[in-house]
Peer 1: 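Input: one structure, supplied below.
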Protein chains: 2
Amino acid sequence: MMKLGAFLPAPGHHVAAWRHPNARPDGGLDFDYYRSIVQTAERGRFDMVFLSDGAGVRTHYKDADELSRQGRMVHFEPLTLLSALAVHTTHIGLTATASTTYNEPFHIARKFASLDFLSGGRAGWNVVTSVTDVEAQNFNLDKQPDHAARYHRSREFMDVVTGLWDSWEDDAFLYNKESGRFFDPAKLHILHHKGEHFSVRGPLNVPRPPQGHPVIVQAGSSPDGQDFAAQWAEVVFTAQQTLEQAQTYYRGMKQQIAGHGRNPDDVKILPGAFIVVGRTRAEAEDKYDTLQSLVDPVVGLGLLTGQLGNVDISGYPLDGPLPELPATEGSTSKQQLIYQQAKRQGLTIRELYLKVSAGRGHRFLLGTPETIADELEEWFVNEGADGFNILPDYLPDGLDAIVDLLVPELQRRGLMRTEYEGRTLRENLGLPRPSFTTTPVEP
Amino acid sequence: MMKLGAFLPAPGHHVAAWRHPNARPDGGLDFDYYRSIVQTAERGRFDMVFLSDGAGVRTHYKDADELSRQGRMVHFEPLTLLSALAVHTTHIGLTATASTTYNEPFHIARKFASLDFLSGGRAGWNVVTSVTDVEAQNFNLDKQPDHAARYHRSREFMDVVTGLWDSWEDDAFLYNKESGRFFDPAKLHILHHKGEHFSVRGPLNVPRPPQGHPVIVQAGSSPDGQDFAAQWAEVVFTAQQTLEQAQTYYRGMKQQIAGHGRNPDDVKILPGAFIVVGRTRAEAEDKYDTLQSLVDPVVGLGLLTGQLGNVDISGYPLDGPLPELPATEGSTSKQQLIYQQAKRQGLTIRELYLKVSAGRGHRFLLGTPETIADELEEWFVNEGADGFNILPDYLPDGLDAIVDLLVPELQRRGLMRTEYEGRTLRENLGLPRPSFTTTPVEP
């Protein structure tokens with residue numbers, strides 16, 4: 001079965017989503033709106049909702065005018081939102097992004113364990129490092145730590161968090177009113193972590209989570225990121241444009257996973273798929289044209305600049321080609337993907353920003369349920385993907401169309417479940433429950 | 001009107017609460033249990049539920065045997081729990097404890113703002129500093145920072161958090177689809193805080209909360225704590241044993257509030273009240289005797305030791321008096337309260353630990369709805385309290401009895417609301433909404 005994530009920022013992934021007549025630009029702070037959308041994803045039998053995050057507003061636009069035209073700068077904090085959604089859903093997984101760069105592992109271990117209890121075992125943690133100076137400046141720094149330092153901290157962070165989740169054995173709590181014994185002292189394990197970045201004694205003040213550990217999600221692109229994902233991730237979110245690229249990434253990642261002594265089947269690789277689906281191709285094209293017509297040129301150019309790592313391209317003609325790019329610290333693989341796409345397709349800057357506005361660097365699929373199912377199936381059966389993280393164009397209509405049109409087609413082909421197999425995210429993804437380990441990994 | 005908080009740790013405040021036949025010792029991790037309890041408090045028209053917190057398990061007991069007999073060491077993390085409760089309640093305030101010692105102000109500002117949106121303006125933040133080495137050891141330290149250092153950081157923390165809440169003016173977001181203007185750039189204010197402990201640029205990626213700022217709660221006992229409360233708190237939680245003590249504290253705090261240029265009516269002082277109520281006094285005494293009979297001597301002595309700042313009293317006879325206490329860093333005022341109580345009432349160590357087991361240092365009220373209402377009214381009308389933070393003995397029965405027996409008596413006397421006046425915690429407490437300030441306070 002395909003594993004499907006629903007990547008659901010309000011009001012949708014298209015940069016002009018908020019300007020669509022049916023969109024709710026204030027949806028990012030309206031719980032009823034989010035509840036309705038996530039219940040739609042659950043009706044569509046998605047494995048999980050996925051929320052990205054950053055600890056800051058990207059205010060480094062050219063000017064206040066450009067900034068004030070961005071549509072997604074304020075929204076619920078993901079862990080509080082998913083906690084509320086946990087008690088209005090029953091089966092769908094709830095994956096929040098949290099950074100290892102400006103958090104403490106004790107807090108992160110505890111909050112995700114708490115979410116796992118609130119949801120009955122449906123929590124997922126998308127592990128990221130923070131890559132912007134804007135975030136660094138909200139946490140006592142001027143600039144982001146460099147790539148290697150971020151990953152070094154992140155690896156030790158994982159040792160601590162997973163160690164804290166194993167503070168108590170699964171059956172540690174006796175609750176024995178007669179004997180007065182609340183827990184079995186032989187089943188408490190104190191971490192005593194002492195490392196380069198962290199000194200954390202433990203134990204966690206939450207029992208071992210229902211899933212053992214919440215599901216670990218990661219988006220590894222750089223070599224460090226891929227190695228990190230191979231060691232820790234159980235779901236890998238990635239951006240791939242062609243089947244060949246996807247296959248190369250898929251095979252490489254599965255090899256690296258095996259290289260870490262893990263079973264490659266225990267890690268699900270989900271490329272992103274930005275989807276515009278209509279009953280006919282003409283209907284899908286109409287939907288897309290409406291959104292593209294709403295892209296503010298100021299915003300489109302700004303988005304492209306951001307995707308290119310804030311390389312200044314404002315001096316180049318909009319109807320000319322993208323210039324050669326200098327190498328920069330950060331998400332360099334994403335920049336290369338965009339640059340290659342522009343060269344391959346001969347796009348001008350304007351054409352490129354309209355393209356990037358739509359897919360945000362992810363695979364872009366427009367068509368009928370049949371053609372999109374064909375495209376997803378092609379990657380799924382040819383070792384390009386274990387499933388997909390689905391990016392709806394705008395909400396709620398885009399997700400409604402996916403659930404009402406595309407999901408039934410996938411179900412008809414036997415590619416997607418019609419009922420949830422289990423009650424936990426782990427069960428539905430087909431991932432093993434981590435065994436309890438009393439020996440924390442030394443950093 | 002009396003302002004009432006419901007201080008609701010599962011499975012209740014009495015140290016033997018979890019051993020009561022009707023108690024749910026695993027309730028601290030059962031959402032349905034918490035939902036039911038908090039809905040009871042809402043039915044009783046309480047202003048707010050109040051959740052205490054600490055970032056660690058107090059494992060420094062004499063031995064594993066003593067540790068394993070404690071009943072409240074694992075539970076939901078409060079912000080995730082209150083986020084879930086927010087969407088299953090409609091009027092009751094939701095106050096979570098979070099420490100300024102091991103958190104970052106950006107995260108705290110953001111999570112409480114998010115909770116305020118999820119709840120439609122019902123978030124409260126109980127500001128504490130962390131006072132145990134156990135917590136320090138979960139955050140890269142060996143020992144807790146000293147009292148003065150904690151408060152110094154805490155004051156700057158408040159400057160940053162309140163400044164971040166004022167990142168956006170109340171009407172900053174336009175959501176204008178036609179013009180493409182998401183917000184009015186003149187209504188964005190970037191904090192640019194540079195202080196001794198924090199350097200935080202801002203803005204927050206959440207709009208100004210529905211309440212302007214979530215309600216600030218604090219429990220100021222030490223001189224530093226009282227001054228902090230006088231400057232920042234809107235609700236003060238305190239432990240007072242006699243009307244005279246309560247009046248002294250009340251008048252002193254109101255003076256200090258005025259000394260900070262604030263209106264003393266804008267701060268509500270709520271002493272704790274541990275309540276055991278029955279239809280008759282005999283019924284209340286029976287309930288209490290049942291609980292006291294369940295106190296494990298190992299736990300009772302350990303609790304008293306903890307309340308005395310971990311002073312070792314294990315060498316003294318249980319049926320003899322409490323020895324003179326050395327001065328220690330930390331919550332010294334609490335220790336003095338307990339010591340004075342023991343001397344005043346001529347209690348042995350055993351009698352004292354049974355007493356402390358019940359009230360946990362707070363005023364202890366046992367009786368009928370009429371006698372307890374008399375006792376609460378006496379403090380309320382004589383400038384001892386603006387209301388009370390109510391500590392039920394065990395859950396759910398203790399809270400049920402308070403809501404079904406005591407609350408109607410308070411309502412009959414016109415001391416308590418029969419319907420909520422407003423929809424936000426601030427409206428129900430009768431607190432003004434903070435005006436927007438563009439000038440952050442310099443640290």
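Basis for what follows: all heavy atoms, side chains included, without hydrogens, waters or symmetry-related copies. Numbered from 1 within each chain, the chains take letters A, B, ... in sequence-line order.
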Peer 1: Say whether, by atom type as modelled, one donor and one acceptor occur between the side chain of Lys177(B) and the main chain of Pro25(A) under 3.5 angstrom.
Peer 2: no
Peer 1: Select, from Val206(A), Asp296(A), Val298(A), Leu294(A), the one with the greatest count of heavy-atom pairs under 4.5 Å involving chain B.
Peer 2: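 Heavy-atom pairs under 4.5 Å are most numerous for Val206(A).
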Peer 1: Return the option, out of Val134(B), Asp26(B), Val160(B), with the maximum number of heavy-atom pairs under 4.5 Å with chain A.
Peer 2: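 Highest number of heavy-atom pairs under 4.5 Å: Asp26(B).
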Peer 1: Please test Ser114(A) against Thr80(B) for side-chain hydrogen bond (donor to acceptor under 3.5 Å, both in side chains), starting from the C-alpha separation and ending with a verdict.
Peer 2: CA-CA 7 Å; Ser114(A) 193; Thr80(B) 44; 2.8 Å; yes
Peer 1: Heavy-atom pairs under 4.5 Å with chain B are the metric here; pick the option from Leu115(A), Leu141(A), Leu67(A) that has the most.
Peer 2: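 The answer is Leu67(A).
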Peer 1: When you look at CG of Asp32(B), are more than 12 heavy atoms from neighbouring residues, nucleotides or ligands closer to it than 6.0 Å?
Peer 2: yes
Peer 1: Does atom CZ (Arg181(A)) have a neighbourhood of more than 12 heavy atoms from anything else shown, all under 6.0 Å?
Peer 2: yes
Peer 1: Taking only Lys NZ, Arg NE, NH1 and NH2, and the carboxylate oxygens of Asp or Glu, determine whether Glu77(A) and Arg110(B) approach each other closer than 4.0 Å.
Peer 2: no
Peer 1: If you compare all heavy atoms of Leu118(B) against all heavy atoms of Ala84(A), which two are closest, and at what distance to 0.1 Å?
Peer 2: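 Smallest interatomic distance, heavy atoms only, reads CD2-CB, 3.9 Å.
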Peer 1: Do Glu104(A) and Glu104(B) have side chains that get closer than 4.5 Å, going by heavy atoms?
Peer 2: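 Counting from C-beta outward, Glu104(A) and Glu104(B) never come under 4.5 Å.
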Peer 1: Specify the closest pair of heavy atoms between Pro185(A) and Ser68(B), including all atoms of both residues, with the distance to one decimal.
Peer 2: CD-CB, 3.8 Å
Peer 1: Under a 4.5 Å heavy-atom cutoff, which of Ala64(B), Gly56(B), Ala172(B) has the most pairs with chain A?
Peer 2: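 Sorted descending by pairs with chain A, the first entry is Gly56(B).
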Peer 1: Is the backbone N or O of Ser179(A) less than 3.5 Å from a side-chain atom of Arg19(B), with the two atoms forming a donor-acceptor pair by type?
Peer 2: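 Such a contact is absent between Arg19(B) side chain and Ser179(A) backbone.
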Peer 1: Is it the backbone or the side chain of Pro21(A) that comes under 4.5 Å from a heavy atom of chain B, or both, or neither?
Peer 2: backbone
Peer 1: Which heavy-atom pair separates Ser199(A) from Asn140(B) by the least distance, and what is that distance?
Peer 2: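 So the minimum-distance heavy-atom pair works out to N-OD1, 2.7 Å.
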Peer 1: I'd like to check the side-chain hydrogen bond (donor to acceptor under 3.5 Å, both in side chains) partners of Asp184(A); sequence neighbours left out, ordered by chain and number.
Peer 2: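 Counting only residues at least two positions away or on another chain, Asp184(A) forms no side-chain hydrogen bond (donor to acceptor under 3.5 Å, both in side chains).
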Peer 1: Which one, Asn176(B), Leu188(B), Leu164(B), Asp142(B), leads in non-hydrogen pairs under 4.5 Å with chain A?
Peer 2: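 Of the options given, most contacts go to Asn176(B).
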Peer 1: I'd like to know which of Val57(A), Val87(A), Leu79(A) tops the heavy-atom pair count under 4.5 Å against chain B.
Peer 2: Val87(A)
Peer 1: Counting only heavy atoms not in Arg35(B) (residues, nucleotides, ligands), do more than 12 fall under 6.0 Å from its CZ?
Peer 2: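 Yes, CZ of Arg35(B) has more than 12 neighbouring heavy atoms, counting only those of other groups under 6.0 Å.
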Peer 1: Where does the angle between the aromatic ring planes of Phe76(B) and Phe117(A) fall among parallel (under 30°), tilted (30 to 60°) and perpendicular (over 60°)?
Peer 2: perpendicular
Peer 1: Which one, Arg201(B), His197(B), His75(B), leads in non-hydrogen pairs under 4.5 Å with chain A?
Peer 2: Arg201(B)
Peer 1: Sort out for me which of Phe198(A), Phe31(A), Phe106(A) touches chain B most, counting heavy-atom pairs under 4.5 Å.
Peer 2: Phe106(A)
Peer 1: Taking every heavy-atom pair that is under 4.5 Å apart, which of Leu204(A), Leu81(A), Asp65(A) has the most such pairs with chain B?
Peer 2: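 Most pairs with chain B among the choices: Asp65(A).
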Peer 1: Are Lys111(B) and Lys111(A) packed together at the side-chain level, in the sense that at least one heavy-atom pair is separated by less than 4.5 angstrom?
Peer 2: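 Counting from C-beta outward, Lys111(B) and Lys111(A) do come under 4.5 Å.
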Peer 1: Has the side chain of Asn205(A) got a donor or acceptor atom that lies under 3.5 Å from a matching backbone atom of Val74(B)?
Peer 2: no
Peer 1: Flag the pair Phe139(B) / His107(A) as yes when at least one side-chain heavy-atom distance between them is below 4.5 Å, and no otherwise.
Peer 2: yes
